[in-house]
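These notes are about the structure you will find just below.
This one's a predicted model, so the numbers in the text were calculated from it and none came from an experiment.
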Amino acid sequence: MDLQAVEALDADLAEFTGDIFKYLVYKGQRGYGQQYLRGLMLDGKRKSVEPMAARLGIPRQNLGHFVAQSTWDYSEVMRRIAARAVAVVGPTAWVIDDHPFVRYGHGTAGAIVQHCGEREQHLCQVAVSVHAVSGRGSTPLHWRLFLPQGWAQDPARCARAGVPGGLTHRTKQQIALDLLDELIAWGNAPPLVIADSDYGTNVAFRTGLAQRDIHWLVAVQGDTVVLPATGVPITAWARRRPSISVDQLARDNRYRARRYVYRPRNAGHPARSGWFVAIPVHIAGIIERGRVAKTAGRLLPERTLLIQWRRKHGGDVFRSWITDLPADTPLSMLVRHATSRWHIETDYREMEQALGLGDFEGRSYGGFHHHVTLVSAAHLFCLEQRLNPKAGDTP
């Protein structure tokens, strides 16, 4: 947005920041929080502190101190953002993913050389995020930086980057469950959790969701081992029928696939469609069987396998998911949920291109979380404006 467009929203922005920054005790902090959001929304190639301060006409040191060194608790601000986001979006699902941030200093909290988006290997940070998704839109609810094992085992390095003392290494799947626990403690109930195969193939992650009574729909790899369900209970180590891979079961059921348009055409994006089939199965991998064998019933639960092909004839399986949603869930609903991950990709793209998600140049753990919290706030504010009939052409 240009300066005139941002200034036209000053009253709305004041109400918004008055709500999400209510926790901040000092008026100066609330003022710089509002200014930071203005800077993120203003047009400009870089949304790091120095160019934003120049565009806003305020001291760089003050804005930089607010985001990188001030001790305000980002989780308290994120709690208010999440509550407001849930009310605005009315989510039908929460989508979990992780996002890389390219960095150029080895002292940056959590940064290591690893796979980084379209770059095969680069020094980068990775953060896990949870997003609310519905037909109205999508927006982040919470973030947490992934701390690699090497960092967690180096207290001096962590101290230099401002990593809180005692913070241990957690896998991305464990971080995702931690974020869900915090969101639930804040009074938000996930209607359904959706995640890609990095999470979906992790038995501990699926088990954690089940223990929290959270329904899930997660992507899995084609070599995931299953047993076709017949309606007859089957124990964890039953040998009555051989197990089969998801890919093989998909090939055997391709003739049943139906076509669905799961993303309508809109400005800049062609329509997306695919051929889908749902198959009742039992997950039958060794880890899954071992976990079930320790339970009282020792019966493998029935799940639904959802398969997608790009075309009805020719080509391999495109994507596959497994869910614990009720067996009578309509295929159209399964498709809508499974393919809703494009919302989170849109969120990342909007935050990267328009709101400076990857532009933070600080190295501290707290500064990183302050920045992504403020970007999430700016994203939610823009979403509210788009949903507001009075917003006109506000992006």
Side-chain angles (χ1 to χ4, degrees), residues 85 88-99 117 129-141 190-201 206 209 214-222 224 226 246-247 249-281 303-351 379 383 386-387:
V88 169
V89 173
T92 53
W94 292 1
V95 180
I96 292 172
D97 203 357
D98 47 76
H99 188 68
S129 61
V130 182
H131 297 232
V133 170
S134 77
R136 289 174 58 81
S138 57
T139 196
L141 298 176
L192 171 70
V193 163
I194 299 170
D196 67 18
S197 59
D198 286 345
Y199 299 86
T201 56
R206 298 197 308 264
L209 294 177
I214 299 172
H215 280 303
W216 46 267
L217 189 155
V218 294
V220 293
Q221 300 290 348
T224 300
V226 296
V246 163
D247 278 350
L249 186 60
R251 285 192 288 271
D252 295 343
N253 286 269
R254 186 169 193 147
Y255 68 94
R256 298 173 47 211
R258 296 171 57 188
R259 182 175 180 269
Y260 286 90
V261 176
Y262 59 85
R263 182 174 179 178
R265 183 175 61 183
N266 56 32
H269 298 286
R272 292 185 183 176
S273 64
W275 292 83
F276 296 84
V277 65
I279 309 165
V281 297
R303 308 302 190 196
T304 300
L305 171 66
L306 179 68
I307 303 291
Q308 178 191 359
W309 294 267
R310 290 186 185 273
R311 297 175 299 277
K312 186 174 184 180
H313 302 290
D316 296 328
V317 170
F318 177 45
R319 291 183 292 191
S320 52
W321 302 264
I322 291 179
T323 181
D324 72 339
L325 286 170
D328 60 354
T329 303
L331 178 58
S332 59
M333 183 176 293
L334 294 177
V335 171
R336 186 171 71 249
H337 285 314
T339 56
S340 64
R341 191 180 179 279
W342 67 266
H343 286 282
I344 202 170
E345 294 170 353
T346 300
D347 288 348
Y348 288 146
R349 184 173 63 252
E350 289 177 348
M351 289 187 289
H379 188 268
L383 176 62
R386 285 200 295 267
L387 296 175

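Summarising the local packing, CZ of R256 is surrounded by more than 12 heavy atoms from other residues, nucleotides or ligands at distances under 6.0 Å.
Partners of S197 under the side chain to side chain donor-acceptor pair (under 3.5 Å) rule, at least two apart in sequence or in another chain, are Q221. Take S273 and apply the side-chain contact (heavy atoms from CB on, under 4.5 Å) test, not counting sequence neighbours, and it matches R259, V261. A search for side chain to side chain donor-acceptor pair (under 3.5 Å) contacts involving R336 returns nothing, not counting sequence neighbours. H131 pairs by the ring-ring contact (aromatic ring centres under 6.0 Å, His included) definition with Y348, not counting sequence neighbours. Every residue two or more places apart in sequence or in another chain that forms a side-chain contact (heavy atoms from CB on, under 4.5 Å) with R272 is listed here: Y262, R263, W342. Partners of P191 by side-chain contact (heavy atoms from CB on, under 4.5 Å), not counting sequence neighbours, listed by chain and number: W94. The side-chain contact (heavy atoms from CB on, under 4.5 Å) check on T329 picks up L325, P326, M333, L334, with sequence neighbours excluded. By the ring-ring contact (aromatic ring centres under 6.0 Å, His included) test, H215 is found to be paired with no residue, residues two or more places apart in sequence or in another chain being considered. A search for salt bridge (Lys or Arg N to Asp or Glu O under 4.0 Å) contacts involving D97 returns R341, not counting sequence neighbours. Here D198 pairs with nothing under the salt bridge (Lys or Arg N to Asp or Glu O under 4.0 Å) rule; sequence neighbours left out. Qualifying ring-ring contact (aromatic ring centres under 6.0 Å, His included) partners for Y199, counting only residues two or more places apart in sequence or in other chains: F205. Remark: D247 engages no residue in a side chain to side chain donor-acceptor pair (under 3.5 Å) (not counting sequence neighbours).
Distance check, rounded to the nearest 0.5 Å: CZ of R206 to CG of D324 gives 10.0 Å. With rounding to the nearest 0.5 angstrom, the OG1 atom of T139 is 6.0 Å from the CG atom of L383. Between the OG atom in S320 and the CH2 atom in W309 there is a gap of 9.5 Å [rounded to 0.5 Å]. Taken to the nearest 0.5 Å, the CD1 atom of I307 stands 16.0 Å off from the CH2 atom of W275. Summarising the geometry, atom CH2 belonging to W321 is positioned 4.5 Å from atom CD belonging to Q308; distances are rounded to the nearest 0.5 Å.
For the pairing with L209, the side chain to side chain contact (heavy atoms under 4.5 Å, CB included) check across L192, I96, V193 returns one residue only, V193.
A heavy-atom distance below 4.5 Å is not found between the side chains of V95 and S138. Residues T339 and R319 are in side-chain contact: their nearest non-hydrogen atoms beyond the backbone lie under 4.5 Å apart. Counting only heavy atoms from C-beta outward, the side chains of V281 and L249 approach each other to under 4.5 Å. You'll find the side chain of L387 reaches within 4.5 Å of the side chain of R136, heavy atoms only.
The shortest non-hydrogen separation linking R254 to R311 is NH2-O, 2.6 Å. Between T304 and A278, the closest heavy-atom pair is CG2-CB, 3.9 Å. Nearest heavy-atom pair, T224 versus V220, reported as atom, atom and distance to 0.1 Å: OG1-CB, 3.5 Å. Contact between A85 and L141 at its shortest, heavy atoms only, is CB-CD2, 3.7 Å. In plain terms, the two heavy atoms of R303 and I322 that are nearest each other are CB-CG2, 3.7 Å. Residues W216 and T323 come closest through the heavy atom pair O-OG1, 2.6 Å.
Distance alone, capped at 3.5 Å, is enough to place a donor-acceptor pair between the S134 side chain and the V89 backbone.
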